[in-house]
> 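This structure is in structure tokens; I'll ask about it shortly.
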Amino acid sequence: MRFRSARRSKRQTTERQPAVAEPVCVTVARMGAQGDGIAEGPRGRLYIPCTVPGDYVRARPTTKRADGYAADLVELLSPGPERAEPPCRHFGDCGGCRLQHLNDDAYVRWKHERLTIALTRAGIHDYTMDPLARTPPRARRRAVFSAIRPALPSTPPLLGFKCRESHEIVDLADCPVLHPHITAILPRLRDLLADLLSPRQSLSVSVTLLATGLDIVLEWPNDPDLTTRERLAKFTETADVARLSWRWSAASTPEPIAQRRAASIEFGGVLVPFPPDGFLQASADGEEALVNAVRDAICRGPSPKTKVADLFAGAGTFTLPLANVGIGVHAIDSDCKAVSALSIASRAFPHVTSVQRDLFARPLTPGELSIFQAIVFDPPRAGARTQAEQIAQSSVPLVIAVSCNPDTFARDARILASGGYTLKRITPIDQFLWSPHLELAALFRR
Ligand SMILES: C[S@@+](CC[C@H](N)C(=O)[O-])C[C@H]1O[C@@H](n2cnc3c(N)ncnc32)[C@H](O)[C@@H]1O
């Protein structure tokens with residue numbers, strides 16, 4: 001069995017984190033919420049990446065954690081029954097995936113348990129849980145890569161994901177998670193970066209696959225001069241990239257440098273002009289599963305004249321498919337570029353309105369919510385505590401929560417339940433393949 005973690009662990013132990021104890025031999029008992037195997041060691045609990053229940057391993061404790069130690073896997077002595085061959089040659093080195101070493105049944109069970117445990121902790125029981133909606137390999141349509149030019153000028157740049165808990169970069173040759181259009185651009189990007197970067201310089205590259213092609217944002221603290229801009233424009237043309245932008249830092253607005261065609265995405269059959277750093281669900285399959293769950297819940301709802309509040313609407317992932325079947329939608333998001341993209345795209349729908357508003361600072365109040373028959377809310381990973389508190393006091397009969405974080409979702413679900421809502425149905429969606437993350441759509445009724 002191919003297994004690389006032990007090699008990486010040795011490097012991490014000597015280069016990054018001094019061991020706090022000699023290696024110990026333990027049997028992994030279960031999987032934790034971050035996808036690490038958990039074992040009881042002589043000095044406390046150990047969290048060991050790349051292990052599965054039943055693995056008998058030699059592990060080296062590294063850093064103290066609240067209730068035990070993070071540990072590196074030194075040697076797999078005897079594999080547990082749920083172990084599988086990882087499909088990716090970078091697994092164990094790359095920080096992108098944590099669960100490729102679990103067989104499929106155990107993987108699906110773990111994702112379900114991740115959700116049930118979070119809900120049980122929040123005191124929520126008695127709901128219908130749909131089977132895990134799967135997204136296939138090679139379907140992820142957005143990625144943020146890191147790149148560095150090594151000190152030796154003749155060495156080509158490294159381009160890929162960061163190693164787990166490290167700033168080192170895995171020079172990505174292939175990736176079974178990413179859409180092939182994204183992996184296919186990596187060699188060309190490497191050539192481009194070999195021209196752009198001086199030794200030891202680094203940058204980050206966001207790549208998003210839109211309906212009209214690739215949208216690339218280079219994040220780099222050097223204002224590109226004329227020669228660089230010409231080089232970037234040439235790259236955009238020869239690599240047939242839809243748009244290439246540059247920005248100083250994650251906090252600054254990307255400046256488009258070259259554009260071969262409109263950078264657009266399609267929501268509900270409507271083309272939306274996509275902002276350079278806009279939010280897009282991680283895969284088209286995941287988006288479809290979410291849209292189906294939201295639309296089915298609302299179309300089965302109490303009134304044909306339903307008016308929906310789409311909170312944290314982005315550029316209209318749910319707004320436009322709902323509008324397309326005649327449902328009136330009021331969309332709200334704090335990102336002015338997303339709101340403006342949606343308002344341009346929804347011109348043909350008089351029953352759609354969109355506004356910019358910070359829903360953390362100024363959540364919609366029960367009075368404002370009273371004109372709606374349904375609410376869709378899809379906040380960032382931190383969840384929407386203040387907005388959930390307002391919804392909990394409202395009289396809206398139907399609420400659909402979309403979330404990429406079972407823990408913050410469970411907290412917000414508790415708030416809704418305390419206000420009299422009942423969780424009826426939940427659809428887990430495996431949008432983040434082989435990672436500990438989980439997307440979901442949940443239906444609450446009053
Ligand atoms: C998970 S995304 C969902 C977007 C959209 N529903 C979709 O599926 O494409 C979360 C959205 O919340 C927005 N957001 C973040 N903080 C916000 C805030 N304080 N108030 C309103 N919207 C916010 C982001 O701009 C982003 O569009």
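Whatever order the structure lists them in is the order used to number ligands and atoms, beginning at 1. We count residues from 1, following the sequence as given.
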> Can you list, by chain and residue number, every protein residue with a non-hydrogen atom closer than 4.0 Å to ligand 1?
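Close residues (ligand 1, cut-off 4.0 Å): F279, Q281, F312, A313, G314, T317, F318, D333, S334, D335, R357, D358, L359, F360, D378, P379, P380.
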> Report the residues that fulfil ring pair (Phe, Tyr, Trp, His ring centres under 6.0 Å) with F235, sequence neighbours left out, ordered by chain and then residue number.
none
> Residues two or more places apart in sequence or in another chain: which of them pass side-chain hydrogen bond (donor to acceptor under 3.5 Å, both in side chains) with E368?
R357, T365
> Do side-chain atoms of R142 reach the backbone of L210 as a donor and acceptor pair under 3.5 angstrom?
no
> Would you check if the side chain of S346 reaches a backbone N or O of F349 as a donor-acceptor pair within less than 3.5 Å?
no
> Nearest 0.5 Å please: distance from the CD atom of Q100 over to the CD atom of E85.
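If we round to the nearest 0.5 Å, Q100:CD and E85:CD are 10.0 Å apart.
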> Let me check something: any side-chain donor-acceptor pairs from residues 409-418 under 3.5 Å, sequence neighbours excluded? List them with distances.
| residue | atom | partner | partner atom | Å |
| --- | --- | --- | --- | --- |
| R411 | NH2 | A382 | O | 3.0 |
| D412 | OD2 | A384 | N | 2.8 |
| R414 | NH1 | A122 | O | 3.2 |
| R414 | NH1 | G123 | O | 3.3 |
| S418 | OG | R414 | O | 2.8 |

